[in-house]
Amino acid sequence: MGATIPEIGLGTYTDQNKVESAVEIAVRNGYRHLDLAMVYQNQHEVGRALKKVIPSVVTREQLFVTLKLWNCSHQQGPAKAELDETLKQLGLTYLDLYLVHWPVAFEPGNGLKPLHPTKEGETHLDLKTSLVDTWRTMIKLKESGKVKSIGVSNFTIEHIQGLIDATGVAPAVNQIEAHPLLPQDDLVAYCKQVGVHITAYSPLGNNRACSAWRML
């Protein structure tokens, strides 16, 4: 039997120095699902908030913490290091759900958004590490006990099917942008067919979508 994910979660992609209070207020008012990412660069703030609400408001087991592995940590060593750093910043011993943030790898070791050494203005991509390599690393992280479930984010039908074909392990979740202006019906139907739960971010639309709606 799989884990139960709270239906509504708090995303923490916002300005720094606002997340600590937002997380504390949300948990005190009933939120039990927190969605984080290394690239948001605010996990230390979330960690401070968690200290204020665990165990005085909730137990650790009552919270569902999702986190996303960033693009520069798709290789096995950097992925393990990022997970360990994440747990340290949050003050936790495990994550409920760990997602591959995007289906693209950056070269590790030169910041979150490394620039290509010879191509001005371009991101330095890691062309050696495949998505299947990264997925096998995620499977190992789950086996370590530091992650309860693993999944992906912003993946297409082809991406997910490739992981399943190569490893026999389907992602538990695919977190995607989905709302009335971007329903992604085919992807949602496919994920339902293969048993991948869909989590929608920007479910009411993002700023770009809202701007487009106003122009129609």
Side-chain angles (χ1 to χ4, degrees), residues 3-74 78-104 106 111-113 138 141-142 146-155 171-179 182 197-210:
T4 300
I5 304 178
E7 187 171 0
I8 298 176
L10 176 73
T12 56
Y13 179 50
T14 186
D15 295 336
Q16 295 187 25
N17 302 318
K18 294 181 179 179
V19 175
E20 180 179 349
S21 60
V23 169
E24 180 185 359
I25 291 169
V27 173
R28 290 187 183 277
N29 284 274
Y31 277 77
R32 295 296 180 262
H33 184 184
L34 304 176
D35 183 83
L36 325 173
M38 173 62 77
V39 74
Y40 300 164
Q41 300 184 69
N42 55 22
Q43 293 178 162
H44 58 290
E45 292 186 59
V46 177
R48 290 198 298 266
L50 293 178
K51 289 181 180 178
K52 295 178 180 179
V53 297
I54 300 174
S56 59
V57 179
V58 293
T59 65
R60 168 63 185 94
E61 292 73 23
Q62 290 174 312
L63 286 180
F64 192 96
V65 179
T66 296
L67 206 126
K68 298 183 281 293
L69 177 81
W70 185 235
N71 304 348
C72 58
S73 297
H74 279 211
K80 182 180 183 299
E82 182 171 311
L83 174 59
D84 289 342
E85 178 62 22
T86 288
L87 293 173
K88 179 180 178 181
Q89 291 180 0
L90 296 177
L92 301 177
T93 58
Y94 70 91
L95 300 175
D96 296 280
L97 178 62
Y98 206 23
L99 308 178
V100 181
H101 202 152
W102 289 95
V104 60
F106 297 165
L112 294 174
K113 299 178 181 179
M138 295 291 283
L141 293 179
K142 181 183 177 183
K146 297 178 181 179
V147 176
K148 300 294 185 181
S149 298
I150 53 175
V152 296
S153 179
N154 303 299
F155 274 47
V173 170
N174 186 20
Q175 185 181 114
I176 59 172
E177 181 178 354
H179 46 72
L182 186 64
H197 172 80
I198 286 287
T199 295
Y201 65 83
S202 301
L204 301 180
N206 59 35
N207 292 337
R208 294 187 303 277
C210 291

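On a predicted model such as this, the values are computed, not experimentally measured, just so you know. Position 1 is the first residue of the sequence; numbering continues from there.
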* Which is it for T66 and L99 under the side-chain contact (heavy atoms from CB on, under 4.5 Å) test, yes or no, and what are the steps along the way? -> CA-CA 8 Å; T66 296; L99 308 178; 3.8 Å; yes

* K113 and N71: CA distance, side-chain angles, deciding distance, side-chain contact (heavy atoms from CB on, under 4.5 Å) verdict -> CA-CA 8 Å; K113 299 178 181 179; N71 304 348; over 6 Å; no

* **Shortest non-hydrogen contact between A49 and E24, atoms and distance** => CB-N, 4.0 Å

* Asked: Hey, are the side chains of T199 and D35 touching, using non-hydrogen atoms and a 4.5 Å cut-off?
  -> no

* List the atom of A22, the atom of L10, and the distance in Å for their closest heavy-atom pair. => O-CD2, 3.9 Å

* To do: Kindly check if the number of other-residue, nucleotide or ligand heavy atoms within 6.0 Å of NZ (K18) is above 12?
  => no

* Separation between CD of E20 and NE2 of H44, rounded to the nearest 0.5 Å -> 8.5 Å

* To do: Check the pair K80, D84 against salt bridge (Lys or Arg N to Asp or Glu O under 4.0 Å), reporting the backbone distance first and the verdict last.
  => CA-CA 6 Å; K80 182 180 183 299; D84 289 342; 3.2 Å; yes

* Asked: Of all residues at least two apart in sequence or in a different chain, which pass the ring-ring contact (aromatic ring centres under 6.0 Å, His included) check with Y98?
  -> none

* Interatomic spacing from OH in Y94 to CD in E61 - rounded to 0.5 Å -> 4.5 Å

* To do: To the nearest 0.5 angstrom, please state how far the CG atom of L92 sits from the CZ atom of R60.
  => 5.0 Å

* Structure fact -> Residue set satisfying side chain to side chain contact (heavy atoms under 4.5 Å, CB included) with P103, at least two apart, ordered chain then number -> L131, N154, F155, H159

* Asked: If you draw a 6.0 Å radius around OH in Y201, do more than 12 non-hydrogen atoms from other residues or ligands fall strictly inside?
  -> yes

* To do: Search all heavy atoms of C72 against all heavy atoms of P78 and return the closest pair with its distance.
  => O-CB, 4.1 Å

* **Any donor-acceptor N/O pair, E82 side chain to W70 backbone, under 3.5 Å** => yes

* Asked: Of L50, V19, D96, which meets side chain to side chain contact (heavy atoms under 4.5 Å, CB included) against L34?
  -> L50

* Asked: What pairs with V57 under side chain to side chain contact (heavy atoms under 4.5 Å, CB included), at least two apart in sequence or on another chain?
  -> V27, R28, V53

* Structure fact -> In terms of heavy-atom contacts, H101 and A37 come closest through CE1-CB, 3.8 Å

* Could you go through the side-chain contact (heavy atoms from CB on, under 4.5 Å) check for L67 and L90 one step at a time? => CA-CA 11 Å; L67 206 126; L90 296 177; 4.0 Å; yes

* Spacing of CG belonging to L95 relative to NZ belonging to K146, to within rounding of 0.5 Å -> 10.5 Å

* H197: partners by ring-ring contact (aromatic ring centres under 6.0 Å, His included), with sequence neighbours left out -> none

* Asked: Say you draw a straight line from OG of S21 to NZ of K52; how long is it, rounded to the nearest 0.5 Å?
  -> 8.0 Å

* Locate the shortest heavy-atom distance separating H33 from I8; write the atom from each residue and the value. => CB-O, 3.7 Å

* In sequence, state the C-alpha distance, the side-chain angles, and the governing distance for R48 and V23, and then conclude on side-chain contact (heavy atoms from CB on, under 4.5 Å). => CA-CA 9 Å; R48 290 198 298 266; V23 169; over 6 Å; no

* Asked: So do R32 and L63 actually touch side chain to side chain, heavy atoms under 4.5 Å?
  -> yes

* Look up atom CZ in F64 and atom OG1 in T4, then write down how far apart they are to the nearest 0.5 Å. => 8.5 Å

* To do: Please name the pair of heavy atoms, one in M138 and one in V100, separated by the smallest distance, quoted to 0.1 Å.
  => CG-CG2, 3.7 Å

* For S56, which residues count as a side chain to side chain contact (heavy atoms under 4.5 Å, CB included) partner, sequence neighbours excluded? -> none

* Quick one: list whatever passes ring-ring contact (aromatic ring centres under 6.0 Å, His included) with Y40, sequence neighbours left out. => Y13

* Do E45 side-chain atoms and N17 backbone N/O form a donor-acceptor pair below 3.5 Å? -> yes

* **E7 CD: over 12 foreign heavy atoms closer than 6.0 Å** => no

